[in-house]
Amino acid sequence: MSTFQGVDERPCDCFYRRATKRSSEDLICVVRKRKTYDRPFIQKGLKAGNRICPRTQQVLSHTILTPNHLVREMISQWCKNRGIELSDPVLLVNEDGITESERDHFLSLLQKMSSGLPEQKEAAKELRSLTKRMPSFRALFGESIHAIPQLLSPLSEGKFEDGIHPELQEDVITTLLNLSIHDNNKKLVAESPMVIPLLIEALQSGTIQTRSNAAAALFTLSALDSNKALIGKSGALKPLIALLDEGHPLAMKDVASAIFNLCITHENKARAVRDGAVRTILKKIRNRMHVDELLAILAMLSSHPKAVEEMGELGAVPCLLCVIRETNCGRNKENCIAVLHTICLNDRTKWKEIREEENTYGTISELAQNGTSRSKRKASGILDRLNRTVNLTHTA
């Protein structure tokens with residue numbers, strides 16, 4: 001086995017160069033110059049994020065590992081001559097749990113995505129199922145820069161006579177959602193040129209399940225700060241807010257989660273306010289729809305001056321005071337009083353409303369005594385300001 005430098009002593013499914021039919025003497029030359037390595041060691045490097053060839057220092061165009069069948073055949077013969085049993089290559093499993101037959105099946109499904117509509121529908125449905133059930137199949141999409149474009153080709157390359165087939169669109173968008181769950185895919189998926197535009201298109205069309213899954217995909221992708229900026233610049237907040245305004249129960253939670261994650265960055269807060277987030281959120285809170293999630297977004301937006309101004313104009317003060325009285329949720333009370341504190345600091349015209357509320361119900365005093373530590377701090381701050389105003393009036 002010394003001839004095969006770089007090949008592990010144990011029998012394995014070797015890869016790296018697909019050898020052509022050559023003599024044994026030529027094969028030795030190929031192995032010495034090209035190097036055939038044991039698959040697990042190359043996979044270990046790739047999983048660590050290495051994308052540079054150690055010999056040429058060139059960036060790898062893909063990370064699909066090609067079995068070296070000729071070298072494997074020689075190993076098989078060597079094992080046979082010595083009475084060593086070698087596993088069937090179809091059954092060989094890499095460290096991600098994928099067999100060669102499964103990998104071939106994956107590639108064949110991607111090829112079908114460029115075929116006719118029946119083949120596309122069949123392949124899309126199976127890719128959706130596989131990426132849902134098997135994390136290893138999600139990882140396969142990271143091995144080639146062409147895999148995601150192939151997946152999206154039915155949606156990006158051509159429109160059918162009656163538009164995009166709704167079932168096909170749903171399966172492709174849901175597959176994108178499944179892929180985005182895999183941490184190593186988040187950057188790759190978001191930075192693939194057609195992904196964000198197609199997710200935005202899906203937010204505006206297709207089945208409600210498609211729209212909900214598109215929002216969920218944007219939520220999972222926005223876990224990365226770089227993706228938050230990319231998604232925000234792409235204009236995704238406006239259709240997300242529009243879908244939130246529609247209020248479909250199936251989509252509300254995914255949409256709210258996506259908006260919340262995106263608005264962690266200051267630039268996206270400004271975009272959300274410009275696109276009508278404050279008005280939509282207050283309307284849903286008044287209707288007591290997903291109050292927990294929407295109050296969290298409202299509290300986040302309250303750091304933006306324009307948002308605070310809109311809240312005052314749209315009657316946020318009585319709405320939030322009412323929520324504080326009605327709810328038993330400490331976090332909701334905390335978010336409400338945090339927003340009220342900001343409004344109180346920035347808009348003196350609202351002090352009268354707050355004082356009347358306090359005189360009638362004692363809502364803020366009760367929170368200052370029994371709320372969470374943050375609620376007590378914010379409520380006490382409002383009461384101090386109200387008391388100072390009263391004292392100044394009496395002094396005058």
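FYI, side chains are in, hydrogens and waters are out, and symmetry mates aren't considered; it's all heavy atoms of this structure. Being a predicted model, the structure only gives us computed values, none of them experimental.
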Residue pair Arg374 / Asn335, side-chain heavy-atom distance below 4.5 Å: yes
Residues which pass side chain to side chain donor-acceptor pair (under 3.5 Å) with Arg138, listed by chain and number, not counting sequence neighbours: none
Results of side chain to side chain donor-acceptor pair (under 3.5 Å) for Gln111 - residues two or more places apart only: none
Inter-residue atom distance Ser108.OG - Glu119.CD, 0.5 Å rounding: 12.0 Å
Pairs satisfying ring pair (Phe, Tyr, Trp, His ring centres under 6.0 Å), at least one member in residues 268-306, at least two apart: His266-His304
Criterion salt bridge (Lys or Arg N to Asp or Glu O under 4.0 Å) on Glu366 and Arg325, from CA distance to verdict: CA-CA 10 Å; Glu366 197 279 334; Arg325 291 197 305 270; over 6 Å; no
Residue pair Leu179 / Phe141: nearest heavy atoms and the distance that separates them: CD2-CD1, 3.2 Å
Over 12 foreign heavy atoms within 6.0 Å of CZ, Arg286: yes
Any donor-acceptor N or O pair under 3.5 Å, side chains Thr210, Gln169: no
Main-chain N/O of Gly362 paired with Ser365 side-chain donor or acceptor, under 3.5 Å: no
Asn268 side chain to Thr265 side chain, donor-acceptor N/O pair below 3.5 angstrom: yes
Heavy-atom side-chain contact between Val308 and Asp347 under 4.5 Å: no
Residues, nucleotides or ligands: over 12 heavy atoms within 6.0 Å of Lys350 NZ: yes
Beyond-backbone contact of Lys376 with Gln369, side-chain heavy atoms, under 4.5 angstrom: no
Close side-chain approach of Arg385 and Leu345, heavy atoms under 4.5 Å: yes
Criterion side-chain contact (heavy atoms from CB on, under 4.5 Å) on Ile148 and Asn185, from CA distance to verdict: CA-CA 10 Å; Ile148 292 176; Asn185 284 342; over 6 Å; no
Leu314 with Met311, same ILVMFWY side-chain cluster at under 4.5 Å: yes
No-hydrogen, no-angle side-chain donor-acceptor test under 3.5 Å, Ser129 and Arg133: yes
Cluster check Ile200, Leu224: I/L/V/M/F/W/Y, side chain < 4.5 angstrom: no
Smallest separation among heavy atoms of Ala368 and Ser380, with atom names: CB-OG, 3.9 Å
In one Ile/Leu/Val/Met/Phe/Trp/Tyr side-chain cluster, 4.5 Å: Leu127, Ile181: no
pair Ile324-Leu340: side-chain heavy atoms closer than 4.5 Å: yes
Exercise: do His165 and Gln120 side chains pair donor with acceptor under 3.5 Å: no
Test side chain to side chain donor-acceptor pair (under 3.5 Å) applied to Glu356 - qualifying residues, sequence neighbours left out: none
Positive for side chain to side chain contact (heavy atoms under 4.5 Å, CB included) with Lys269, one of Leu237, Leu301, Ile297, Ile264: Leu301
Lys238 NZ: over 12 foreign heavy atoms closer than 6.0 Å: no
Using residues 247-263 as the side-chain source, report each donor-acceptor pair under 3.5 Å to any protein atom, sequence neighbours left out, with the distance given to one decimal.
residue	atom	partner	partner atom	Å
His248	ND1	Leu250	N	3.1
Asp254	OD2	Ser212	OG	2.8
Ser257	OG	Lys253	O	2.9
Asn261	ND2	Phe219	O	3.4
Asn261	ND2	Ser222	OG	3.1

Cluster check Tyr361, Ile343: I/L/V/M/F/W/Y, side chain < 4.5 angstrom: no
Qualifying residue for side-chain hydrogen bond (donor to acceptor under 3.5 Å, both in side chains) with Ser180, from Thr175, Thr220, Asn227: Thr220
Same apolar cluster (I L V M F W Y, side chains within < 4.5 Å links), Leu177/Leu151: no
Modelled atom types, side-chain donor and acceptor of Thr327 and Lys333, under 3.5 Å: no
For Arg274, all residues meeting side chain to side chain contact (heavy atoms under 4.5 Å, CB included), sequence neighbours excluded: Arg271
